[in-house]
Chemist: 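The structure is given below, and queries will be raised subsequently.
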Amino acid sequence: MTGGNRKSGRERGSGRRAELLTMAARMFATRGIAATTMREIADEAGILSGSLYHHFDSKEAMVDEILREYLNAQLERFRRVVDAGHDPHTTVGELIHEAFAALHRHRWAMAVLHNEAGYLAGFDRFGYIDTANRDFERLWVRVLRQGQRTGVFRAELSPRLAHRFIRDSVSAAVRWYNPSGRMSVQGIAEQYTRIFRDGMVVSERG
């Protein structure tokens with residue numbers, strides 16, 4: 001009889017796979033994808049290269065899985081915020097907080113996207129990144145335009161430019177964000193919310 005707290009082989013394999021992806025994501029983010037080899041990832045993990053190839057057929061396959069997990073999870077979180085049906089002012093604040101929360105959940109994946117855009121553009125397999133970016137933009141722009149229609153946000157601002165400004169600022173934060181620093185992700189998000197969202201609010205709102 002198998003013990004109730006004993007993990008199955010599939011669960012152990014899934015856990016090990018996740019560990020390898022986390023390790024590889026950190027190496028890709030700090031060293032660069034081109035400069036990181038499968039042998040180096042295997043050495044870091046304390047396994048033979050052949051064992052790593054048992055899980056992944058290439059480092060690009062590892063990058064693919066890392067980025068897809070991040071982008072899919074982030075899009076789902078953004079959609080959940082919008083579907084909650086709050087007013088645009090509240091929704092934009094929550095979207096900004098969700099964007100910064102990813103610094104904690106997907107720090108290395110965000111760094112890979114930020115640092116390796118040129119490298120990734122050379123592979124057809126990563127074309128979904130542009131698709132994901134368009135999905136993000138459509139979602140944010142819809143909320144920002146709703147805020148303009150209802151008189152919350154300044155009408156002269158471009159929703160697309162506003163979104164891209166916020167997006168790029170959050171993305172760049174991976175360069176200086178320190179998980180052990182004095183300010184938490186929530187604290188940073190609140191500061192940025194005041195700068196970005198409240199900077200778009202019409203003056204009558206104060």
Chemist: Would you call R68 and D64 a salt bridge, taking side-chain N to carboxylate O under 4.0 Å as the test?
Modeler: yes
Chemist: Please determine which of F100, Y70, Y177 meets the ring pair (Phe, Tyr, Trp, His ring centres under 6.0 Å) test together with H106.
Modeler: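 That would be Y70.
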Chemist: Does any N or O in the side chain of T91 come within less than 3.5 Å of the main-chain N or O of V82, such that one atom is a donor and the other an acceptor?
Modeler: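 Flag not set: sc T91 to bb V82 has no pair under 3.5 Å.
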Chemist: Nearest heavy-atom pair of A35 and E40: which atoms, and what distance?
Modeler: O-OE1, 3.3 Å
Chemist: With sequence neighbours excluded, what pairs up with E156 under the side chain to side chain donor-acceptor pair (under 3.5 Å) test?
Modeler: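 If we apply the side chain to side chain donor-acceptor pair (under 3.5 Å) test to E156, skipping adjacent residues, the hits are R154.
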Chemist: Indicate yes or no: at least one non-hydrogen side-chain atom of F153 is less than 4.5 angstrom from one of V92.
Modeler: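 Answer yes - side chains close enough.
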Chemist: Are the side chain of Q148 and the backbone N or O of L157 linked by a donor-acceptor pair below 3.5 Å?
Modeler: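 Confirmed, Q148 side chain pairs with L157 backbone.
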Chemist: Which residue pairs satisfy the salt bridge (charged side-chain N to carboxylate O under 4.0 Å, His left out) criterion with at least one member in residues 104-113, sequence neighbours excluded?
Modeler: E98-R105
Chemist: When the ring planes of W176 and Y192 are compared, do they come out parallel, tilted or perpendicular, using 30° and 60° as the limits?
Modeler: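 The rings of W176 and Y192 lie parallel, inter-plane angle below 30°.
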Chemist: Check whether any side-chain N or O of S171 sits under 3.5 Å from a backbone N or O of R167 as a donor-acceptor pair, and report yes or no.
Modeler: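 No: the side chain of S171 does not pair with the backbone of R167.
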Chemist: Test of understanding: with side chain to side chain donor-acceptor pair (under 3.5 Å), list the residues that count as partners of R138, not counting sequence neighbours.
Modeler: D135
Chemist: Between CG of L144 and CZ of R160, what distance do you get to the nearest 0.5 Å?
Modeler: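 Here the rounded value is 11.0 Å.
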Chemist: Report the distance from atom CZ of F165 to atom CZ of F196, rounding to the nearest 0.5 Å.
Modeler: 5.0 Å
Chemist: Hey, could you give me the CG/CD1 distance between L67 and I129, rounded to the nearest 0.5 Å?
Modeler: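 Taking CG in L67 and CD1 in I129, the distance rounds to 5.0 Å.
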